[in-house]
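Each chain gets a letter, A, B and so on, in the order the sequences are listed, and its residues count up from 1.
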2 protein chains.
Amino acid sequence: MPIEMRPSQSLRLWQQVMLAEVRDDFYDLTTRQMAILLTIYLDPPPHTVRALAEKLNVSKAVITRALDTMGAMKLVSRHRDEKDKRNVLIRRTVEGALYVERIGDVIIDKASELPI
Amino acid sequence: MPIEMRPSQSLRLWQQVMLAEVRDDFYDLTTRQMAILLTIYLDPPPHTVRALAEKLNVSKAVITRALDTMGAMKLVSRHRDEKDKRNVLIRRTVEGALYVERIGDVIIDKASELPI
DNA sequence: TCAATTCGTTTCGGTTCCGTTTCCAACGCG
DNA sequence: CGCGTTGGAAACGGAACCGAAACGAATTGA
């Protein structure tokens, strides 16, 4: 069964998750960074800079910088593609997996508390 | 009935909404700005800088700056409280209401498309 | 009345992000 | 081999944001 929500519920859910994120500010990711992170963790690998840039409709430089930031946070890691050494493959990390998992927990938690 | 989701569904929903936001970049709001905007539109007025700052657990300066930005985008408006002229009351705008409504539409849309 | 408090804004110095352009190593094809 | 193409990073100047602190105006209350 597909998830069904009324407009007021969807917005309230969004607000509650955003508030949780701001209040406990685990990592202060931008919307773009969050979209990149989730794509890396949810879509099947391999992930390259170029492919991510196309999927998000942004420039490659945006992806490179986001990977710099999230790499420093240890949320993702970069590795040269040995098959084609021009490519960089982006991989998940244990820390990143935990972070993403926690986001999912927050969403489910807030969804379950939603007024009917 | 409360909304129920499995972890994979919740994360996929989050990703899809983030991707929609990034790709069509309507307004490029930060997580904080989005939390503030939704609170103004979903929680009952009146909204003051101080109350918003407490609700989000951030400094008043953060709220002031976010209101500057979103005010320039015409998503919210500021008015002096005539009862107590130290206060600033933050109000909704037509443009902001449309924007918030659209976010709700995206969430519902993406939720309905979620794999079972 | 006048000092203390409250509210929101502004300023400071610093960091991070942005878009664009330029660069370089690796590839692939003639 | 040489040369155009590709993938990603680096460089550039500009814009936005940050926390902390200082600031004025409005209010309170002794």
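OP1 or OP2 of D:dC17 sits under 4.0 Å from a side-chain N or O of B:Thr69. Here B:Arg78 reaches the OP1 or OP2 of C:dT9: one of its side-chain N or O atoms lies under 4.0 Å away. Look at B:Arg32 and you'll find a side-chain N or O under 4.0 angstrom from OP1 or OP2 of D:dG19. B:Asn87 has no side-chain polar atom (N or O) that falls below the 4.0 Å cut-off from OP1 or OP2 of C:dT6. At the phosphate of D:dG8, neither OP1 nor OP2 sits under 4.0 Å from any side-chain N or O atom of A:Thr64.
When every heavy atom of B:Ala35 is checked against every heavy atom of B:Leu56, the shortest pair comes out as CB-CD2, 3.9 Å.
Counting to the nearest Å, the C1' atom of C:dC27 and the CZ atom of A:Arg86 are 4 Å from each other. Going from atom CG of A:Leu56 over to atom P of C:dC18 covers 11 Å, rounded to whole Å. In this structure, NZ of A:Lys83 is placed 13 Å from P of C:dG28, rounded to the nearest angstrom. Atom CD1 in B:Ile90 sits about 11 Å away from atom C1' in C:dC7, given to the nearest Å. Atom CZ of A:Arg65 is separated from atom P of D:dC17 by 16 Å (rounded to the nearest Å). In this structure, CG of A:Leu29 is placed 13 Å from C1' of C:dC17, rounded to the nearest angstrom. Rounded to whole Å, the distance from NE2 on B:His47 to P on C:dG8 is 13 Å. For the pair B:Asp81 CG and D:dT27 P, the computed distance is 9 Å after rounding to whole Å.
Nearest nucleotide to the B:Asp84 side chain, out of D:dA10, C:dG8, D:dT27: D:dT27. Among the nucleotides C:dG8, D:dA20, C:dT20, the one closest to any side-chain atom of B:Ala61 is D:dA20.
The residue among B:Val49 and A:Val58 whose nearest nucleotide of DNA chain C lies closer to the 5′ end is B:Val49.
A side-chain N or O of B:Ser8 and one of B:Arg6 form a donor-acceptor pair less than 3.5 Å apart. B:Gln15 and B:Arg12 form a side-chain donor-acceptor contact under 3.5 Å, judged by distance and modelled atom types alone.
In this structure, A:Lys60 reaches the bases: a heavy-atom distance under 4.0 Å links it to at least one base atom across the strands shown. Residue contacts for B:Gln33: at a heavy-atom cut-off of 4.0 Å it reaches the sugar-phosphate backbone alone, with no base atom in range.
Each of B:Leu42 and B:Leu89 belongs to its own hydrophobic cluster when Ile, Leu, Val, Met, Phe, Trp and Tyr are linked at side-chain heavy-atom distances under 4.5 angstrom.
Shown here is A:Arg91, whose CZ atom has no more than 12 heavy atoms of other residues, nucleotides or ligands within 6.0 Å.
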